[in-house]
Amino acid sequence: MFINFEGIDKSGKSTQISLLVDYLKQKGYEVVQTCEPGGTRLGEKIERILLEPSTKEISGISELFLYLADRAEHVEKIIKPALEKGKIVISDRFADATIAYQGHGRELDIPWIEELNKRVTHGLSPDITFLLDISPNLAQKRSGSEGKDRIENEKISFHQKVRQGYLKLAKRHPERIKVINGEGNVEEIQLTIRKILAKHLRRKKNYVL
Ligand SMILES: Nc1ncnc2c1ncn2[C@@H]1O[C@H](COP(=O)(O)OP(=O)(O)OP(=O)(O)O)[C@@H](O)[C@H]1O
Ligand SMILES: [Mg+2]
């Protein structure tokens with residue numbers, strides 16, 4: 001079972017993942033919690049290049065291929081081995097993020113990115129995706145005076161394009177991508193996620209929540 005969480009920065013991904021991972025572990029499931037970028041040793045190095053503000057502006061294509069390199073390593077070293085052992089893998093971002101950020105945000109060719117995603121993931125797609133949807137204005141309020149990374153430092157219009165990109169993607173894949181209003185309170189959002197997941201898992205014999 002492969003689950004990814006998506007959404008713009010500060011949409012609440014880490015908060016919700018951590019609650020869900022605790023819950024699933026309590027239920028006795030073996031869970032691997034991971035993330036992109038940075039889920040592997042190489043990925044951590046790539047993440048630093050991508051997110052440090054000192055990298056400044058880089059070409060959209062360079063950015064795209066750095067994320068894809070991170071993903072290739074992540075699939076091969078972390079996600080596939082864990083799935084082969086029957087574990088539940090929960091990733092903070094996956095291939096959808098590249099469509100939203102580099103496709104919609106940087107305006108690179110989306111069918112091309114989809115093709116590249118397929119290549120680097122060997123066709124691996126999540127079973128279910130939780131898209132936490134919040135407005136970029138709220139995201140900015142949530143981040144407060146914290147130091148921002150290179151992508152968070154982008155203009156609000158960039159984050160708006162990314163948000164809309166994610167919503168378009170959800171419309172194209174309604175079976176897989178579940179849009180969750182991320183502006184509500186943490187506990188209610190978590191309950192919604194658990195309900196959707198339980199419904200989804202009922203269809204799969206090996207899982208009961
Ligand atoms: N539903 C919520 N209501 C209010 N505040 C929230 C909610 N969810 C998360 N927060 C707060 O907003 C901030 C960002 O949340 P979190 O780190 O979970 O988001 P994120 O999507 O993982 O962000 P990033 O993209 O930076 O990793 C944190 O301070 C968190 O406590
Ligand atoms: Mg986070």
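In each ligand, atom 1 is the first atom listed, and ligand 1 is the first ligand listed.
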### Task
Return the orientation label for the Phe5 and Phe130 ring planes: parallel under 30°, perpendicular over 60°, tilted otherwise.
tilted
#### Entry: Flag for Asp133-Asn181: side-chain donor and acceptor within less than 3.5 Å
no
### Query
How does Ile189 reach ligand 1, by side chain, by backbone, by both or by neither, if only non-hydrogen atoms under 4.0 Å count?
side chain
#### Entry: Backbone or side-chain N or O of Gly184 under 3.5 Å from ligand 1 N or O
yes
### Message
Within ligand 1, which atoms have a heavy atom of Val186 less than 4.0 Å away?
### Response
1 (N), 2 (C), 7 (C), 8 (N)
### Query
What protein N/O/S atoms sit under 2.8 Å from the Mg ion (ligand 2), by chain and number?
Ser14 OG
### Message
Among all the protein's non-hydrogen atoms, which is closest to atom 25 (O) of ligand 1, and how far away is it?
### Response
Lys13 NZ, 2.9 Å
### Summary
the protein heavy atom lying closest to atom 23 (O) of ligand 1 turns out to be Lys10 N, 3.0 Å
### Query
Taking N or O atoms only and a 3.5 Å limit, does Ser11 qualify as a polar contact for ligand 1?
yes
### Query
For atom 19 (O) of ligand 1, what is the nearest protein heavy atom, given as residue, atom name and distance?
Gly12 N, 3.1 Å
### Summary
Residues pairing under side chain to side chain donor-acceptor pair (under 3.5 Å) where one sits in residues 58-69, two or more places apart or in two chains, turn out to be Ser59-Ser62, Glu63-Gln102, Glu63-Arg106, Glu63-Arg150
### Message
Could you report the tightest heavy-atom contact between Thr55 and Arg48, atom names first, then the distance?
### Response
OG1-O, 4.2 Å
### Query
What part of Gln16, side chain, backbone, both or neither, has a heavy atom within less than 4.0 angstrom of ligand 1?
neither
### Query
With side chains defined as the heavy atoms from C-beta onward, is the minimum distance between Lys178 and Thr129 less than 4.5 Å?
no
### Summary
Nearest heavy atom to atom 22 (O) of ligand 1, choosing from Cys35, Gly7, Ser14, belongs to Ser14
### Message
Can you give me the closest heavy-atom contact between His74 and Ser91, atom names plus distance?
### Response
CE1-OG, 3.5 Å
### Message
Is it true that, when you exclude Arg142 itself, more than 12 heavy atoms of the residues, nucleotides or ligands shown sit nearer than 6.0 Å to its CZ?
### Response
yes
### Task
For atom 7 (C) of ligand 1, state which one of Glu6, Glu188, Arg142, Lys148 supplies the nearest heavy atom.
Arg142
### Query
Can you tell which of Glu154, Arg93, Lys161 makes a side chain to side chain donor-acceptor pair (under 3.5 Å) with Tyr101?
Arg93
### Message
With a sphere of 6.0 Å drawn around CD of Glu115, does it hold more than 12 non-hydrogen atoms of other residues, nucleotides or ligands?
### Response
yes
### Message
Can you list everything that forms a salt bridge (Lys or Arg N to Asp or Glu O under 4.0 Å) with Glu76? Sequence neighbours excluded, please.
### Response
none
### Query
Heavy atoms, side chains only, cut-off 4.5 Å: are Glu6 and Tyr166 in contact?
yes
### Query
Can Tyr29 be reached from Leu83 by stepping across I, L, V, M, F, W or Y side chains whose heavy atoms are under 4.5 Å apart?
no
### Query
For Asn185, is at least one N or O under 3.5 Å away from an N or O on ligand 1?
no
### Message
Is there a polar contact, in the sense of an N or O pair closer than 3.5 Å, between Thr15 and ligand 1?
### Response
yes
### Summary
Applying side chain to side chain contact (heavy atoms under 4.5 Å, CB included) to Ile110 and not counting sequence neighbours gives Ile99, His104, Glu114
#### Entry: Protein contact for atom 28 (C) of ligand 1 (heavy atom, distance under 4.0 Å)
no
### Query
Which atoms of ligand 1 sit under 4.0 Å from any heavy atom of Glu152?
26 (O)
